Protein chains: 2
Amino acid sequence: MKSTIRDVAKLANVSISTVSRVMNAPETVIEEKRVKVLEAIEALQYQPNAFARGLIYKKSDTLGVMIPDIENPYFAGLIRGMQDAAVELNHSLMICNTDRDKQRTITYVQNFFEKQVDGIVFASDALHTEYYEEMQRYRLPFVLASTNAPEFDIPSVDIDDEQGAYEAVKYLIESGHRRIGMIGFPLGETISGLPRYDGFRRALREYGLNTFETCVEYAEHRYEHAYDAAALLLTRCPGLTAIFAASDEFAMGTISYLRDIGKSVPEHLSVIGFDNIRMAQLFIPKLTTIEQPTYDIGYRSVQKLHELITTGEVSVLREKLPHQLIVRESTRPY
Amino acid sequence: MKSTIRDVAKLANVSISTVSRVMNAPETVIEEKRVKVLEAIEALQYQPNAFARGLIYKKSDTLGVMIPDIENPYFAGLIRGMQDAAVELNHSLMICNTDRDKQRTITYVQNFFEKQVDGIVFASDALHTEYYEEMQRYRLPFVLASTNAPEFDIPSVDIDDEQGAYEAVKYLIESGHRRIGMIGFPLGETISGLPRYDGFRRALREYGLNTFETCVEYAEHRYEHAYDAAALLLTRCPGLTAIFAASDEFAMGTISYLRDIGKSVPEHLSVIGFDNIRMAQLFIPKLTTIEQPTYDIGYRSVQKLHELITTGEVSVLREKLPHQLIVRESTRPY
DNA sequence: AATATGTTTGAAAACCTTTTCAGAAAACCT
DNA sequence: AGGTTTTCTGAAAAGGTTTTCAAACATATT
């Protein structure tokens with residue numbers, strides 16, 4: 001059915017070696033035969049079989065990507081960056097949605113291994129020891145995107161979460177806010193939980209607002225949880241004038257709650273987000289937030305993985321990309 | 001480096017045929033050897049090489065997916081559904097972002113072909129004849145997800161756009177609105193452009209509101225365009241009390257514009273969207289919209305592709321999944 | 001003319017698996 | 001015991017490519 005190198009050889013009246021050479025080292029075959037082969041290839045719509053090739057080269061030019069939750073808009077930019085980098089490197093991406101499910105994640109790793117991916121980008125989730133061991137077991141090169149693993153020496157690309165959070169809260173303080181609370185990720189399980197809280201605290205302490213260190217509630221990844229957390233936060237710390245949300249989604253959930261109890265943003269309270277997902281500028285009010293260079297994180301992480309695969313090492317182990325405060329409408333001076 | 005079937009055979013003191021049998025037809029090998037082989041497999045972390053396998057089976061258990069714009073949240077649900085179906089079928093997904101770029105799309109098809117995907121899901125974009133021919137050229141099985149191609153006999157999974165639009169507009173009319181406009185997709189290029197406009201028109205005509213057929217402006221996929229289109233629409237048809245937006249993103253862009261000119265939704269105008277993307281319920285006001293079963297569309301499309309690949313045909317060619325009106329806060333009776 | 005050098009080519013091995021085929025061993029029958 | 005069937009096994013071929021090696025030929029050098 002599909003034409004093979006043999007068919008091309010026959011049609012062009014040469015050996016299969018010659019056909020192979022035309023494709024891989026054209027300068028070594030005499031012009032006359034070369035054009036005959038090229039014509040035959042065109043005529044038969046010949047495309048070399050990636051299986052046979054892979055068998056020889058021992059690589060697939062395919063990279064595996066593990067994403068915890070593809071419905072989270074944060075990952076769209078990440079994937080886009082990865083995709084573009086992959087295209088430039090002539091590679092393909094195999095993308096998996098782990099749902100933060102351990103069993104599923106491990107199954108995917110095995111699957112990737114069997115499909116002979118050249119490496120894996122592990123995005124955004126905390127790297128549990130199990131995962132680490134699984135990767136080690138199969139000796140698969142991998143890098144972390146938008147997360148990192150202080151305890152292991154694994155290449156990673158992300159931002160400085162602590163500093164980002166610090167700048168967000170500092171901005172609020174310098175706008176005159178004094179009573180500031182936070183909606184954060186759970187400290188333990190998640191990778192940006194602790195550093196963002198640390199940044200929050202550092203800013204508070206710097207301005208002597210230590211009392212508000214305890215005005216924190218935690219939510220797990222989704223809007224609805226942030227909505228509930230905001231309710232808890234405001235009953236516990238009723239006098240707040242500003243809230244630092246550890247993600248834009250949390251900011252939206254918080255604002256939604258505030259609206260439901262009749263407080264509008266930024267008139268009654270200021271809310272600052274984190275990430276600058278695309279929705280941040282579509283939301284009403286447009287979100288003041290810390291921008292993460294998601295596209296670049298994705299792009300760089302694939303480049304880094306490629307570097308790791310081809311050279312066996314990586315020039316910078318933990319790469320931090322710049323973030324940026326973006327002031328929009330959800331905050332105002334107090 | 002990686003262990004092969006040969007290593008396992010050696011360690012277990014059997015022939016490679018036996019090892020292969022242990023993996024593919026365990027009942028044909030005597031227990032004693034079977035356990036020895038199993039132990040050897042475990043000890044060596046052996047995983048069969050997908051290249052060698054593919055060479056024999058002539059299939060990769062991998063499906064290609066083409067998405068026009070991964071940053072559009074509409075696709076998140078779609079991908080999730082596809083992913084879940086793929087997992088159940090023990091397949092992997094290779095996902096590509098075409099950016100609606102013709103050249104890039106065609107390159108991807110070639111790439112998929114070379115990587116020996118078993119088939120392709122082509123999502124949501126209009127199927128240009130070029131694409132169709134490219135697929136035919138490589139004889140790749142493919143199905144359309146969330147789009148269709150009336151002119152070709154290609155399996156597809158989507159909803160009844162015309163009917164969905166009709167129901168949206170009918171709902172507005174039955175809530176007392178009479179002066180209704182629309183923000184639509186361009187009629188020509190895009191697949192849901194015309195049917196959604198047709199549905200809009202059918203509802204108007206049914207209630208004798210034909211004069212408003214011309215109160216339509218077009219935007220191209222993104223929020224900002226809808227914002228501008230809303231401006232145009234309202235200057236041209238100033239008296240509108242309700243707007244049917246052909247997507248939730250358009251609805252959000254429209255509402256954003258309305259707010260900027262001091263009109264609030266739903267107090268001054270009602271706006272109804274389409275798709276029910278996740279943001280629809282997070283937006284303020286929460287969007288009234290026509291829900292598309294995106295997850296199911298993705299899920300079914302992969303199942304259908306698998307059916308096409310394995311049996312060579314498909315039981316229902318054009319599958320229409322049910323949509324549903326979801327009333328939230330962006331509309332109110334007039 | 002004979003030798004050395006360089007260019008171009010095809011045959012064959014290698015990559016790793018599955019599967020066919022035939023042979024060996026075991027089990028069954030008379 | 002001898003013959004027949006069944007069960008289990010290993011050798012070898014096949015799948016499509018790249019690459020090594022040696023052969024064939026042409027060209028340059030003496």
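Since the structure is predicted, the reported quantities are computational estimates derived from the model, not experimental observations. Per chain, numbering begins at 1; letters A, B, ... match sequence-line order.
- For the pair A:Lys58 and C:dC16, the criterion of a side-chain N or O lying under 4.0 Å from OP1 or OP2 is met.
- Atom CZ in A:Phe51 sits roughly 17 Å away from atom C1' in D:dT18 (whole-Å rounding).
- B:Asn49 has its side chain out of reach of B:Thr4: every pair of non-hydrogen atoms, C-beta onward, lies at least 4.5 Å apart.
- Considering only side-chain N and O atoms, A:Tyr57 lies nowhere under 4.0 angstrom from the phosphate OP1 or OP2 of C:dC16.
- Residue A:Arg53 places at least one side-chain N or O under 4.0 Å from the OP1 or OP2 atom of D:dT18.
- Going from atom CD1 of B:Ile56 over to atom C1' of D:dT17 covers 14 Å, rounded to whole Å.
- Relative to the side chain of A:Ile5, the nucleotides D:dT17, C:dC16, C:dG10 differ in distance, and D:dT17 lies closest.
- Distance from the side chain of B:Leu55 is smallest to D:dG16 among D:dG16, C:dG10, C:dT17.
- The interatomic distance linking B:Arg34 (CZ) with D:dT9 (C1') rounds to 15 Å, in whole Å.
- Distances shorter than 4.0 Å separate some side-chain N or O of B:Thr18 from OP1 or OP2 on D:dG10.
- Across all strands shown, D:dA28 is found opposite C:dT3 as a Watson-Crick or G-U wobble partner, with both distances under 3.5 Å.
- Nearest to the side-chain atoms of A:Val14 among the listed nucleotides C:dG10, C:dC16, D:dC8 stands C:dG10.
- One finds no salt bridge joining A:Lys304 and A:Glu307 here, because no Lys/Arg side-chain nitrogen approaches an Asp/Glu carboxylate oxygen to under 4.0 Å.
- In this structure, A:Asp118 contributes its side chain and A:Ser60 its backbone to a donor-acceptor pair below 3.5 Å.
- Judged purely by distance below 3.5 Å, without hydrogens or angles, the side chains of B:Tyr132 and B:Glu151 never pair a donor atom with an acceptor atom.
- Each of D:dT17, C:dT9, C:dT17 was ranked by its minimum atom distance to the side chain of A:Val29; first place goes to C:dT9.
- In this structure, A:Thr28 does not reach the C:dT8 phosphate: none of its side-chain N or O atoms is under 4.0 Å from OP1 or OP2.
- Toward the 5' end of DNA chain D, the nearer of the two residues A:Arg21 and B:Ala52, judged by each one's closest nucleotide, is B:Ala52.
- The side chain of A:Ser15 places an N or O atom within less than 4.0 Å of a non-bridging phosphate oxygen (OP1 or OP2) of C:dG10.
- Phosphate proximity of D:dT18 to A:Asn24: present, with a side-chain N or O under 4.0 Å from OP1 or OP2.
- For C:dA11, the paired nucleotide is D:dT20, the pair qualifying as Watson-Crick or G-U wobble because both relevant distances are below 3.5 Å.
- Taking for each of A:Glu27 and A:Ser17 the nucleotide of DNA chain C with the nearest heavy atom, the 5'-most of the two is the partner of A:Glu27.
- At the phosphate of C:dT9, OP1 or OP2 sits under 4.0 Å from a side-chain N or O atom of A:Lys33.
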